Amino acid sequence: TNSLTMIWKLFKHLSEDQQRYEKQLIFEHPTFVKLCQQLLRDARRMTRGDLVFSLHAVVNLGVPQNTLLVQTLVRVCQEKLNQLDNRCISVLATTLAGLDKDKNVSALQAGLQLLVEQRIPSIRDIFILQNLMKCLGKDVPVFLKKKLEMAVLKEIDHLTFPNALRMFLALVAMNYCSIPILNACSKKIQENVHDVSFRHLILILEACYSLQYRNVKLFSAVADYVNSTACLWDKRQIMLFLSAFETLGFQPSELMDVFAEKVTEDPEFLNLKNLLIVLRVYSRLNYIPRGQKHLFFETLHNCLNEYLPQISNTELLKAVYSLCMLGYLPRRALDELLQKDSRDELLLSDDLYKEQKEVMIRAVKACMELDSPSFTKPAFVLTENSSSLISLNLRKAQEALIELLGDENMFQQNVQLPYKYHIDFEIRMDSDRRKVLPISATDDHTDSSVQRLAFLFVPLSAFCVGTTHPQGKLAMKKRHLNKLGYHVILVLNRKFQEMTNEDAVEFLREKIYSENAFPFSEGTVQDSN
């Protein structure tokens, strides 16, 4: 056992190329063959620790799973399972996680799971607990995940910084979002963020996404650290940080300013793949760098133009869509995209993303019209009620509006607008914003003194995490509704649903009649920043 363990310890620190070469030498060495034969003979006479560590070593050295040696060791572990102490259980769990399922391995895993369930109350070592969480994986029953969670929480005061990093990954492996554990881990990481490597920071952010865990303090601590040490990171690393934040819906504005400056200073870094990532990040997070809007757009536009001869139609659509979402029209790329051959190829392609592509093309065309400098606000916008039925999550708002305004004829619901835009409720008011006007009385009214309010009840996911800053699609819709003459009022639906009926009515009253609720503006992306 000592020989095999030492071989493994030396072996695991080699590079992949060295490991391939050394593995061949080890397997061909006559002494290794004798060692394996002796291990096979003595397996049933070994102590529990020697047995488990021997299996761990031979599996990690790459001895095939279907050999008599590995299968014998697995069977003997099963026979001696109840004799294993907590440390041996942890090592065995790690070993089994690296094996494919077969008859013997599955039987041992089932037995190990039952043993872990019995032993959990006696395990006081956080390292062993998190290793079990990681190795048992996502297939364990929910009740066992909860038992492991409670065992960790009992020892949470002894959580160290290195354990906090590993605990994040253990929870991902188990596919279990324990908010108390994650909060404790996040606190440790925030306190020691300067000691976390680039790889581990990315893994932590990816873990937060996998577990749907949103912690603004943690995200801010990571973003502030990267921003304060930006000179130590290369542009690709910062871009990967921004991409990870984008998947989380978190907008690190200062870091995005710093990165934009680096991009405008050295655009050579932007190959096609990087360009598409940068466009996606800034458009989805609805962010235009402060003080360098024109230069930043021009840099990205010029880079995109360079790739036009080689870019695929799908990639071109994504790039143009991102720029249009930010309110910038890349003319040459637009001409290329909307050529008949390119458009037909996108729309006729029979892939999983056909519907998504149609939505993107429709949005691009809307941007070409509404964001054009020559566009003027129409005196009258044709609207129609798409349905008299109202979704359940808007029923409360409908009832509150009826109580507030006294009549269903004082507002429209489920309003369909040009460019496929939809608003939940429309209210029309006089120029002083003191009186709500009946919808029927203003249906054909082209008088510019009539003020139109568009209520959009939106989910939390439509905003950047921890803010009321709308993400790209919502910001684009708000900008376009402003262009069509609407004052847009965004309402966080979940928060509204939690209000009492009286509070809901009062909330809508304030939004409708308050002079500060909807100052008239064209609502550009930069305004919302």
Side-chain angles (χ1 to χ4, degrees), residues 1-119 123 125 127-140 166 169-170 173-174:
T1 300
N2 290 341
S3 298
L4 286 167
T5 302
M6 182 53 68
I7 293 170
W8 161 239
K9 283 182 178 177
L10 295 169
F11 182 79
K12 70 179 180 179
H13 292 299
L14 301 174
S15 66
E16 284 188 27
D17 290 337
Q18 287 175 313
Q19 283 186 357
R20 278 193 292 270
Y21 175 68
E22 289 292 340
K23 181 178 175 180
Q24 185 178 351
L25 293 180
I26 291 169
F27 281 20
E28 292 174 354
H29 200 289
T31 306
F32 183 73
V33 176
K34 290 179 182 178
L35 193 63
C36 290
Q37 289 171 345
Q38 186 180 347
L39 180 58
L40 186 60
R41 284 195 307 271
D42 296 344
R44 281 184 167 78
R45 295 198 296 272
M46 298 176 80
T47 65
R48 62 192 182 187
D50 288 346
L51 176 66
V52 168
F53 278 94
S54 295
L55 176 61
H56 181 263
V58 296
V59 166
N60 283 291
L61 284 170
V63 176
Q65 182 175 331
N66 60 357
T67 57
L68 180 61
L69 174 62
V70 173
Q71 291 296 323
T72 299
L73 291 174
V74 169
R75 284 198 299 272
V76 176
C77 283
Q78 191 176 347
E79 293 167 10
K80 296 189 174 186
L81 192 57
N82 287 324
Q83 301 172 25
L84 302 184
D85 62 15
N86 293 340
R87 183 164 178 255
C88 289
I89 289 174
S90 177
V91 174
L92 182 59
T94 305
T95 307
L96 292 179
L99 291 174
D100 296 327
K101 287 189 182 298
D102 61 25
K103 185 178 179 181
N104 287 324
V105 169
S106 296
L108 181 53
Q109 282 178 327
L112 181 64
Q113 187 172 304
L114 289 172
L115 184 61
V116 167
E117 184 185 343
Q118 295 169 9
R119 294 277 188 89
I123 302 175
D125 189 326
F127 180 81
I128 290 177
L129 286 168
Q130 69 189 17
N131 195 51
L132 289 171
M133 292 164 69
K134 181 180 177 183
C135 298
L136 290 173
K138 61 185 178 181
D139 295 330
V140 297
R166 287 191 287 263
L169 304 182
M174 203 167 64

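Predicted model, so just to flag it, every value in this text is computed and none were measured.
Using the six-membered ring where Trp is involved, His56 and Phe53 have ring planes that are perpendicular, over 60° apart on the 30 and 60° scheme.
Note that CZ of Arg119 is 4.0 Å distant from CD1 of Ile89, once rounded to the nearest 0.5 Å. Here the straight-line distance linking atom CG of Leu115 with atom CG of Leu108 works out to 10.0 Å at 0.5 Å rounding. Between Trp8 atom CH2 and Leu61 atom CG the span is 7.0 Å, to the nearest 0.5 Å. Taken to the nearest 0.5 Å, the SG atom of Cys36 stands 6.5 Å off from the CG atom of Leu4. One finds the CD atom of Gln118 at 7.0 Å from the CG atom of Leu114 (value rounded to the nearest 0.5 Å). Atom CG of Leu69 and atom CG of Leu39 lie 5.0 Å apart (nearest 0.5 Å).
At distances below 3.5 Å, at least one donor-acceptor pair connects side-chain atoms of Asp85 with backbone N or O atoms of Cys88. Thr5 contributes no side-chain N or O that, together with a main-chain N or O of Asn2, makes up a donor-acceptor pair within less than 3.5 Å. Remark: the backbone N or O of Ser90 is paired with a side-chain donor or acceptor of Asn131 at under 3.5 angstrom. In terms of modelled atom types and a separation under 3.5 Å, the side chain of Arg48 and the main chain of Leu84 share no donor-acceptor contact. Between the side chain of Thr95 and the backbone N or O of Val91, at least one donor-acceptor pair lies under 3.5 Å.
Listed here is the closest heavy atom pair of Gly111 and Leu81: C-CD2, 3.4 Å. Minimum interatomic distance between Arg44 and Lys80 (heavy atoms only, all atoms of both residues): O-NZ, 3.1 Å. Taking every heavy atom of both residues into account, Asn86 and Ile128 meet most closely at O-CG2, 3.9 Å. The two residues Gln113 and Val140 have their closest heavy-atom pair at OE1-CG1, 3.7 Å. Across Phe11 and Asn60, no two heavy atoms sit closer than the pair CE2-O, 4.2 Å. Taking every heavy atom of both residues into account, Gln78 and Ala107 meet most closely at NE2-CB, 3.5 Å.
You'll find the side chain of Leu92 reaches within 4.5 Å of the side chain of Leu55, heavy atoms only. Between Val33 and Gln37, the closest side-chain pair of non-hydrogen atoms falls below 4.5 Å.
Dense packing is recorded around CZ of Arg75, with more than 12 heavy atoms of other residues, nucleotides or ligands lying under 6.0 Å away. The neighbour count for Lys103 NZ, taken as heavy atoms of other residues, nucleotides or ligands under 6.0 Å away, does not exceed 12. For CZ of Phe27, the number of neighbouring non-hydrogen atoms (other residues, nucleotides, ligands) closer than 6.0 Å is greater than 12.
A donor and an acceptor atom, one from each side chain of Asp102 and Gln65, are located under 3.5 Å apart. If you check the side chains of Lys12 and Gln19, you find no donor sitting under 3.5 Å from an acceptor. A donor-acceptor contact closer than 3.5 angstrom links the side chains of Gln18 and Ser15. Thr47 and Asp50 form a side-chain donor-acceptor contact under 3.5 Å, judged by distance and modelled atom types alone.
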Q: Mind running side chain to side chain contact (heavy atoms under 4.5 Å, CB included) on Lys134 and Arg166 for me, showing each step along the way?
A: CA-CA 9 Å; Lys134 181 180 177 183; Arg166 287 191 287 263; over 6 Å; no

Q: Give the C-alpha distance, both sets of side-chain angles, the deciding distance and a yes or no for side chain to side chain contact (heavy atoms under 4.5 Å, CB included) between Ser3 and Leu35.
A: CA-CA 9 Å; Ser3 298; Leu35 193 63; 4.1 Å; yes

Q. Are Gln38 and Arg41 close enough, and set up right, to give a side chain to side chain contact (heavy atoms under 4.5 Å, CB included), and what steps lead you there?
A. CA-CA 5 Å; Gln38 186 180 347; Arg41 284 195 307 271; 3.8 Å; yes

Q: May I have the step-by-step check of side chain to side chain contact (heavy atoms under 4.5 Å, CB included) for Leu136 and Met174, ending in yes or no?
A: CA-CA 7 Å; Leu136 290 173; Met174 203 167 64; 5.9 Å; no

